[in-house]
Chemist: 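Before I ask anything, here is the structure I am working with.
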Amino acid sequence: MKHDKSAPVLMNTSRFASLRSAILLLGSLLLVACQSSGIYQGVPVDTAVGSSANIESLTAVIDSNPRDAGAYNTRGIAYGQAGKLDKAIADFNTALQLDPQSYQAYANRALVHRRLGQMQPAISDYTRAISIKPDYDVAYVGRGNSYRQLGQFGPALNDFNAVIARNSSDARAFHNRGLIHQAQGQHQRAIEDFATAIGLNPNADEPYIARGISYLAINDPNAAFSDLSVAVNLDKRSSIAWANRGVALELLGKAKDARRNYNKALNLDASNDLAREGLARVNKGQRSL
């Protein structure tokens, strides 16, 4: 799609500078929010997996064969999907006691550590998984994300680059490498990585949101609006997408439409500061007319 960059931006320079700063402040929120999708975690999200019926079935398998490491690993995944993270850790521990070479159990336990905010134990588990299976891309991506969340961008880039060099069709690696470029203010490089991720997996909303934010940062609200519109169509409950779509509309001089988007974002997440500040701006502008 070709974006019309010649369209006028109806906002004075100082106001745009203030707005642009607000957009960039959202970066830390975006980095956390983009971890919510199983597409980029490497472990598919399936609510049926965490159902009581499935856990009971897996427990029956374990009762009949208590030395089955794979069964503990599978039930650990189910507990993780059900939000019972302590039980998930316990099952992965048992699986590893029974089979110390289970790189999948190490990676699954690492993901639970990440969900608990325990990045160093996660990194250790991902490293163990990689030592057992050096080409295990799930572990590289997971470890890279753990490093990224700690602000250790160098090691994170090394992990994502390793996956990309070995498997150029891994959308997660391109997406997460793009997030690092974005956090470093390298928005053109970020946009390129997000574009590749979108090409590889056009049905995920996160790369569209991320690319839209980078387009806003380089003052291209038309391109941002296009990406963020795709994002809200893919996930109508993304407060981040609605709020940034509001920013794009505000920059395009469409205050009424921006207001609707900010309100939508706040209805979905009342703590969305970008939407709250944007709504205050457009309401103030209306009162000053």
Chemist: Out of curiosity, Lys236 NZ to Lys264 NZ, how far, rounded to the nearest 0.5 Å?
Modeler: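 Rounded to the nearest 0.5 Å, the NZ-NZ separation comes out at 9.0 Å.
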Chemist: How close do Asp269 and Ser239 get, heavy atom to heavy atom, and via which atoms?
Modeler: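 Heavy atoms of Asp269 and Ser239 come nearest at CB-OG, 3.5 Å.
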Chemist: Using side chain to side chain contact (heavy atoms under 4.5 Å, CB included), reason through Leu85 and Tyr79 one step at a time and then give a plain yes or no.
Modeler: CA-CA 6 Å; Leu85 303 186; Tyr79 276 135; over 6 Å; no
Chemist: Output the distance between atom CD (Gln118) and atom CG (Asp125), rounded to the nearest 0.5 Å.
Modeler: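 Rounded to the nearest 0.5 Å, the CD-CG separation comes out at 10.0 Å.
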Chemist: Give a yes or no on whether the backbone of Leu228 and the side-chain of Trp242 come within a donor-acceptor separation of less than 3.5 Å.
Modeler: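 Looks like no, no N/O pair under 3.5 Å.
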Chemist: Are Val247 and Val282 connected in the hydrophobic side-chain network, where two residues link if heavy atoms are under 4.5 Å apart?
Modeler: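 Yes, it is one cluster - the side chains of Val247 and Val282 are joined through contacts under 4.5 Å.
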Chemist: What pairs meet the salt bridge (Lys or Arg N to Asp or Glu O under 4.0 Å) rule with one or both residues in residues 128-147, with sequence neighbours excluded?
Modeler: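 Sorted pair list: Lys133-Asp135, Asp137-Arg166, Arg143-Asp159.
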Chemist: Is the shortest heavy-atom distance from the side chain of Leu58 to the side chain of Tyr72 under 4.5 Å?
Modeler: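 With C-beta onward as the side chain, the pair stays apart.
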Chemist: For the residue pair His187 and Gln182, establish whether any side-chain heavy-atom pair is separated by less than 4.5 Å.
Modeler: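 Sidechains of Gln182 and His187: in contact.
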Chemist: Any link between Tyr147 and Val163 through a network of hydrophobic side chains (Ile, Leu, Val, Met, Phe, Trp, Tyr) touching at under 4.5 Å?
Modeler: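 No.
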Chemist: Please answer whether the main-chain N or O of Asp257 pairs with a side-chain N or O of Asn261 as donor and acceptor at a distance below 3.5 Å.
Modeler: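 Answer holds: yes.
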Chemist: Do any N or O atoms from the side chain of Tyr140 and from the backbone of Pro134 form a donor-acceptor pair under 3.5 angstrom?
Modeler: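 Answer holds: yes.
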Chemist: Linking Ile, Leu, Val, Met, Phe, Trp and Tyr through side-chain heavy atoms less than 4.5 Å apart, which residues share a cluster with Ile164?
Modeler: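 Once heavy-atom contacts under 4.5 Å are chained together, Ile164 belongs with Phe174, Leu200.
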Chemist: Step by step, work out the side chain to side chain contact (heavy atoms under 4.5 Å, CB included) result for Arg189 and Asp193.
Modeler: CA-CA 6 Å; Arg189 296 181 69 181; Asp193 273 349; over 6 Å; no
Chemist: I'd like to know if Asp170 and Arg172 make a salt bridge, using a cut-off of under 4.0 Å between side-chain N and carboxylate O.
Modeler: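 Salt bridge between Asp170 and Arg172, a charged N being under 4.0 Å from a carboxylate O: yes.
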Chemist: Treating Ser226 as the side-chain partner and Asn222 as the backbone partner, does any N or O pair qualify as donor plus acceptor under 3.5 Å?
Modeler: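 Judged by distance alone, no pair lies under 3.5 Å.
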Chemist: Hey, are the side chains of Tyr126 and Arg114 touching, using non-hydrogen atoms and a 4.5 Å cut-off?
Modeler: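 A side-chain contact under 4.5 Å exists here.
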Chemist: Calculate, to the nearest 0.5 Å, the distance between atoms CD1 and CD1 belonging to Ile213 and Ile218 respectively.
Modeler: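 Those atoms lie 13.0 Å apart.
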Chemist: Tell me yes or no: between the side chains of Arg148 and Asn145, is some donor less than 3.5 Å from an acceptor?
Modeler: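 The criterion, which ignores hydrogens and geometry beyond distance, is satisfied for Asn145 and Arg148.
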Chemist: Report yes if the side chains of Ile62 and Ser64 come closer than 4.5 Å at any heavy-atom pair, otherwise no.
Modeler: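 A side-chain contact is absent here, since even the closest heavy-atom pair is not under 4.5 Å.
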Chemist: Do Asn73 and Phe92 have side-chain heavy atoms sitting under 4.5 Å apart?
Modeler: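 Answer yes - side chains close enough.
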Chemist: Atom OH in Tyr208, atom OG in Ser238: separation rounded to 0.5 Å?
Modeler: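 Answer for the OH-OG pair, Tyr208 versus Ser238, is 14.0 Å.
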Chemist: What heavy-atom pair brings Pro202 and Leu234 nearest, and what distance separates the two atoms?
Modeler: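 Of all heavy-atom pairs spanning Pro202 and Leu234, the closest is O-CD1, 3.9 Å.
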Chemist: Counting distance only, does the side-chain N/O of Arg259 pair as donor-acceptor with the main-chain N or O of Gly246 below 3.5 Å?
Modeler: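 It does not hold such a pair.
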Chemist: Of all heavy-atom pairs between Ile55 and Arg75, which one has the smallest distance, and what is that distance?
Modeler: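 Closest pair (atom of Ile55, atom of Arg75, distance): O-CD, 4.3 Å.
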Chemist: Side-chain donor-acceptor pair under 3.5 Å between Glu250 and Tyr262, yes or no?
Modeler: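 Judged by distance alone, the side chains do pair up.
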Chemist: For Ala183 and Phe153, which heavy atoms make the closest approach, and how far apart are they?
Modeler: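 In this case the closest contact between Ala183 and Phe153 is CB-CZ, 3.8 Å.
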Chemist: Side-chain donor-acceptor contacts of residues 98-105 below 3.5 Å, not counting sequence neighbours, with atom names and distances?
Modeler:
residue : atom : partner : partner atom : Å
Asp99   : OD1  : Gln101  : N            : 3.1
Ser102  : OG   : Ala105  : N            : 3.2

Chemist: Can you list everything that forms a side-chain contact (heavy atoms from CB on, under 4.5 Å) with Leu150? Sequence neighbours excluded, please.
Modeler: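 Applying side-chain contact (heavy atoms from CB on, under 4.5 Å) to Leu150 gives Met119, Gln120, Ile123, Gln152.
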Chemist: Using 0.5 Å steps for rounding, measure from the CD1 atom of Ile240 to the CG atom of Asp235.
Modeler: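 Reported value, rounded in 0.5 Å steps: 10.0 Å.
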Chemist: Where do Ala156 and Ile180 come nearest, in terms of heavy atoms and distance?
Modeler: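 Looking at all heavy atoms of both residues, the closest pair is CB-CD1, 3.5 Å.
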Chemist: Grab the two heavy atoms, one from Ser146 and one from Ala122, that are nearest each other, plus how far apart they are.
Modeler: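 What the structure gives for the nearest pair is OG-CB, 3.9 Å.
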Chemist: Quick one: which residue pairs count as a salt bridge (Lys or Arg N to Asp or Glu O under 4.0 Å) with a foot in residues 58-69, not counting sequence neighbours?
Modeler: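 For residues 58-69: none.
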Chemist: Any link between Phe160 and Ile130 through a network of hydrophobic side chains (Ile, Leu, Val, Met, Phe, Trp, Tyr) touching at under 4.5 Å?
Modeler: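 Yes.
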Chemist: Checking Asn161 now: which residues fulfil side-chain contact (heavy atoms from CB on, under 4.5 Å) with it, not counting sequence neighbours?
Modeler: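 Asn161 satisfies side-chain contact (heavy atoms from CB on, under 4.5 Å) with Leu157, Arg177 once adjacent residues are dropped.
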Chemist: Would you compute the distance between atom CD1 of Ile209 and atom CZ of Arg245 and round it to the nearest 0.5 angstrom?
Modeler: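 CZ of Arg245 is found 12.5 Å from CD1 of Ile209.
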Chemist: Do the side chains of Ile89 and His113 get nearer than 4.5 Å, heavy atoms only?
Modeler: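 Side-chain contact under 4.5 Å: yes.
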